[in-house]
Amino acid sequence: MAIRLAERRYIAELLQNAKIGEKYVVAGWVDTIRVHGKLVFIVLRDRTGKMQLVVKKNVSETAWREAKKLSPESVIGARGTLVESKAALGGREIVVEELVVYSRAEPLPIDIKDPSKTTLAKRLDWRFLDLRHPRNQLIFLVEAEMARAAREFFHSNGFIEIYTSKIVGAATEGGAEVFSIVYFDRPAFLAQSPQLYKQMGVIAGFEKVFEVGPAFRAEPHHTTRHLTEYTSVDFEMGFIDSYEDVMKVAENAVLSMIRSALGKYKDRVQEYFSDALMEVPRTVPRITIREAYKLLRSAGVSIEEGEDLSSEAERKLGEIVLKEYGSPLVFVTEYPWKVRPFYTMRKSDEPDWTYSFDLLFRGLEIATGGQREHRYEVLVSQLQEKGLNPKNFEWYLAMFRYGAPPHGGAGIGLERVVMQFLGLGNIREARLLPRDPERLVP
RNA sequence: GCCGCGGUAGUAUAGCCUGGCCUAGUAUGCGGGCCUGUCAAGCCCGUGACCCGGGUUCAAAUCCCGGCCGCGGCGCCA
């Protein structure tokens, strides 16, 4: 009798509430094989878990012969009787009567039993094998859940999901850091941010928009926290009183991402990631960058007034805030105008500072946002002040001549949230197929 | 882009500083053998490597130069 995969049951189901003594069909990957003379133990793995199969010579000699020859990670199907077994993991096992080998695996090029035994570079070369390990799969289950939670959050708060173009004719925020591509016979670029387009969404009348999509940065960073292609969770909202309204949304979005991930995967996260954040943070403290300078200076970090925070300063600030406020997250606000892009709104009373913020998660920037300048004349002069040519922004500037509400928004780096949440040492782990200055394959 | 460190079996490493004792060690994997209760099974046997190119030297895994690749720091950023 042939095995029909339509009858297949998931392992988690068999371990929990299937009937002992019944026959079942299972299928998946061979996790481990222990040949024990006339007995062969197979640990079978599917997306729901692992369970032991026993192949006994005296039950089925055909299956036993096949089982002896199996290689790890081969894909098999089996039919057999579910029995209780004190010795087996999960307390149950299947005594195999029929065995099918769908695909025999060659010797593995990396050790997938323990990801820490292979360097990340090699693991990424063999990503499809690397992801067979539950720990590594979990990273992407968390990512998927966080993205889902973000979408749900924005939808339920009246934001419209938009899909902006990733092929653009001009660099978004002017100048470098963009990938050049050839668009038929013209030069073009990959979008480094949906910034200008999401503002368009607001001004077009959607009022509140969001997008979860790729962003491209041609920056040759060699760090553990940069990718040349990453997923940006962006939102933009109109009719705000101040950038505090934007921070509130960013805060709730990020908290709901963390809350959902913990709600769904807390136990598994705890099992595999000892440095993961295990509790949902409450409210997120806000400190101005000028307060941050003071805190850092009194902690012995030398820092220049009016400058951006270095990565060391951000790390240190993360520690200070955790100690002083008990929060792994912190908003740093009112960044200096000179380190912010042209569309940022400056403080009305102190034009050297802006209505903008960064959100730090365990000392790493995971989001940037603020209120945008919506007054046409001011925008033009700010563009010029940044050394940009208004001619290159004609379509963008036009939006502010036909009715643009006060608005603001933020961009959240999805991989960075995942990385900081799980306590990963390298952002490449949080990207299915990471791109960095060297890596373009797979 | 700048700076630092590195590249040895399928994987992870020892050896490199102080060249010859390296016929390159160890773990794991892989191949074979024994085993009816293992659980990253155990035991026995076997297998397999000095990134590429050039140079120094009687002699190079080891020293020098270049390239490629990897890891990290910085700047910058999400």
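Note on naming: letters A, B, ... go to the chains in the order of the sequence lines (proteins, then strands), and numbering restarts at 1 for each one.
- Residue A:Arg315 is classed as a sugar-phosphate contact, given heavy-atom separations below 4.0 Å to backbone atoms only.
- Heavy-atom distances to RNA chain B give each of A:Ser85 and A:Arg428 a nearest nucleotide, and the one nearer the 5′ end belongs to A:Ser85.
- Residue contacts for A:Lys122: at a heavy-atom cut-off of 4.0 Å it reaches the sugar-phosphate backbone alone, with no base atom in range.
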Test side chain to side chain contact (heavy atoms under 4.5 Å, CB included) on A:His226 and A:Asp436 and set out the steps. CA-CA 8 Å; A:His226 286 95; A:Asp436 63 36; over 6 Å; no
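- Nucleic acid contact for A:Glu314: base, since at least one base atom lies under 4.0 Å from a heavy atom of the residue.
- Not a single donor-acceptor pair, N or O on each side, falls under 3.5 Å between the base of B:rG1 and the side chain of A:His221.
- Nucleotide B:rG6: paired with B:rC69 (Watson-Crick or G-U wobble, both distances less than 3.5 Å).
- Around CD of A:Glu305, the count of heavy atoms belonging to other residues, nucleotides or ligands within 6.0 Å exceeds 12.
- Both distances falling under 3.5 Å, in either a Watson-Crick or a G-U wobble arrangement, occur for no nucleotide opposite B:rC50.
- OP1 or OP2 of B:rA78 sits under 4.0 Å from a side-chain N or O of A:Thr368.
- Note: CZ (A:Arg439) to P (B:rG72) measures 12 Å, nearest angstrom.
- Partner assigned to B:rG31 is B:rC45, using Watson-Crick or G-U wobble distances below 3.5 angstrom.
- Rounding to whole angstrom units, CD of residue A:Glu312 and C1' of B:rC77 are separated by 17 Å.
- The side chain of A:Thr223 sits closest to B:rG73 out of B:rC77, B:rC30, B:rG73.
- Within 6.0 Å of atom CE in A:Met200, 12 or fewer heavy atoms from other residues, nucleotides or ligands are found, so the atom counts as exposed in its surroundings.
- The side chain of A:Tyr230 lies closest to B:rA78, out of B:rG37, B:rA78, B:rG1.
- In this structure, A:Glu429 places its CD atom 16 Å from P of B:rG70, rounding to the nearest Å.
- Distances shown here put every side-chain N or O of A:Lys113 at or beyond 4.0 Å from the OP1 or OP2 atom of B:rA40.
- Within the 4.0 angstrom heavy-atom criterion, only backbone atoms of the sugar-phosphate kind lie near A:Asp308; the bases stay farther away.
- The same atom, C1', is picked in B:rC22 and in B:rG31; the two are 26 Å apart, to the nearest Å.
- The same atom, P, is picked in B:rC43 and in B:rC51; the two are 32 Å apart, to the nearest Å.
- Nearest-nucleotide assignment on RNA chain B puts the 5′-proximal partner with A:Ser116, out of A:Ser116 and A:Ala367.
- In the set B:rC74, B:rU38, B:rA78, B:rA78 carries the atom at the smallest distance from any side-chain atom of A:Arg217.
- Stacking annotation: A:Phe41 is not stacked on the base of B:rG37 (requires ring centroids less than 5.5 angstrom apart and an interplanar angle below 30 degrees).
- As rounded to the nearest Å, B:rC44 and B:rG55 have C1' atoms that lie 48 Å from one another.
- Counting any heavy atom pair closer than 4.0 Å across all strands shown, A:Glu93 reaches a base atom.
- Listed candidates were B:rC30, B:rC39, B:rA78. Nearest to the side chain of A:Gln52 is B:rC39.
- Counting non-hydrogen atoms under 4.0 angstrom, A:Ile366 reaches the backbone sugars and phosphates but no base.
- Straight-line distance from the CG atom of A:Leu39 to the P atom of B:rC35: 12 Å, rounded to whole Å.
- Remark: A:Glu73 engages A:Arg45 in a salt bridge, criterion side-chain N to carboxylate O under 4.0 Å.
- Between the side chains of A:Thr231 and A:Glu415, at least one donor N or O sits under 3.5 Å from an acceptor N or O.
- Heavy atoms of A:Thr118 sit under 4.0 angstrom from primed sugar atoms or phosphate atoms, though from no base atom.
- When the C1' atom is compared between B:rC17 and B:rG29, the two are found 32 Å apart, to the nearest whole Å.
- With P as the reference atom, B:rC50 and B:rU11 are 12 Å apart, rounded to whole Å.
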List the steps and the verdict of salt bridge (charged side-chain N to carboxylate O under 4.0 Å, His left out) for A:Glu161 and A:Arg151. CA-CA 8 Å; A:Glu161 185 164 16; A:Arg151 283 197 173 93; 3.0 Å; yes
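- With B:rG73, B:rC77, B:rG37 as the candidates, the nucleotide lying closest to the side chain of A:His36 is B:rG37.
- With A:Tyr335 as the aromatic partner, A:Arg340 meets the cation-pi criteria of under 6.0 angstrom to the ring centre and within 45 degrees of the ring axis.
- If you check every strand for non-hydrogen atoms under 4.0 Å, A:Val35 touches a base.
- The shortest distance between the side-chain N/O atoms of A:Ser311 and the OP1/OP2 oxygens of B:rC74 is below 4.0 Å.
- Remark: B:rG75 base-pairs with no nucleotide in the shown strands. Criterion, Watson-Crick or G-U wobble with two distances under 3.5 Å.
- B:rG54 sits 14 Å from B:rA60 when the C1' atoms are compared, rounded to a whole Å.
- In this structure, A:Ile33 places its CD1 atom 8 Å from P of B:rC30, rounding to the nearest Å.
- Among the heavy atoms of the strands lying under 4.0 Å from A:Glu365 is at least one base atom, whether or not backbone atoms are also near.
- Computed from coordinates, the A:Lys117 NZ to B:rU26 P distance equals 18 Å when rounded to whole Å.
- Protein atom CD1 of A:Ile42 is 16 Å distant from nucleotide atom C1' of B:rA40, rounded to whole Å.
- Taking atom CD of residue A:Glu438 and atom P of nucleotide B:rG67, one finds them 14 Å apart after rounding to whole Å.
- Open room surrounds CZ on A:Phe206; 12 or fewer heavy atoms of other groups in view lie less than 6.0 Å from it.
- Within the 4.0 angstrom heavy-atom criterion, only backbone atoms of the sugar-phosphate kind lie near A:Thr224; the bases stay farther away.
- Proximity note for A:Asp114 (side chain, C-beta onward) versus B:rG72, B:rU36, B:rA40: the nearest is B:rA40.
- Pairing for B:rU26 is with B:rA12, a Watson-Crick or G-U wobble pair whose two hydrogen-bonding atom distances lie under 3.5 Å.
- The side chain of A:Arg225 places no N or O atom within less than 4.0 Å of a non-bridging phosphate oxygen (OP1 or OP2) of B:rG75.
- Applying the 6.0 Å contact sphere to CZ of A:Arg297 captures more than 12 heavy atoms from other residues, nucleotides or ligands.
- As judged by a 4.0 angstrom heavy-atom cut-off over every strand, A:Asn426 is placed among residues touching the sugar-phosphate backbone only.
- Rounded to a whole angstrom, the distance from the C1' atom of B:rU62 to that of B:rA14 is 13 Å.
- Comparing the C1' positions of B:rC58 and B:rC63 gives an interatomic distance of 16 Å, to the nearest angstrom.
- In this structure B:rU18 sits in no base pair that meets the Watson-Crick or G-U test at under 3.5 Å.
- Backbone-only engagement by A:Pro109 is indicated by non-hydrogen atom pairs under 4.0 Å involving sugar-phosphate atoms exclusively.
- Taking the six-membered ring for Trp and the full ring otherwise, A:Tyr396 and A:Tyr343 have centroids separated by 6.0 Å or more.
- Counting non-hydrogen atoms under 4.0 angstrom, A:Leu414 reaches nothing in the nucleic acid.
- Heavy atoms of A:Glu415 sit nowhere under 4.0 angstrom from any nucleic acid atom.
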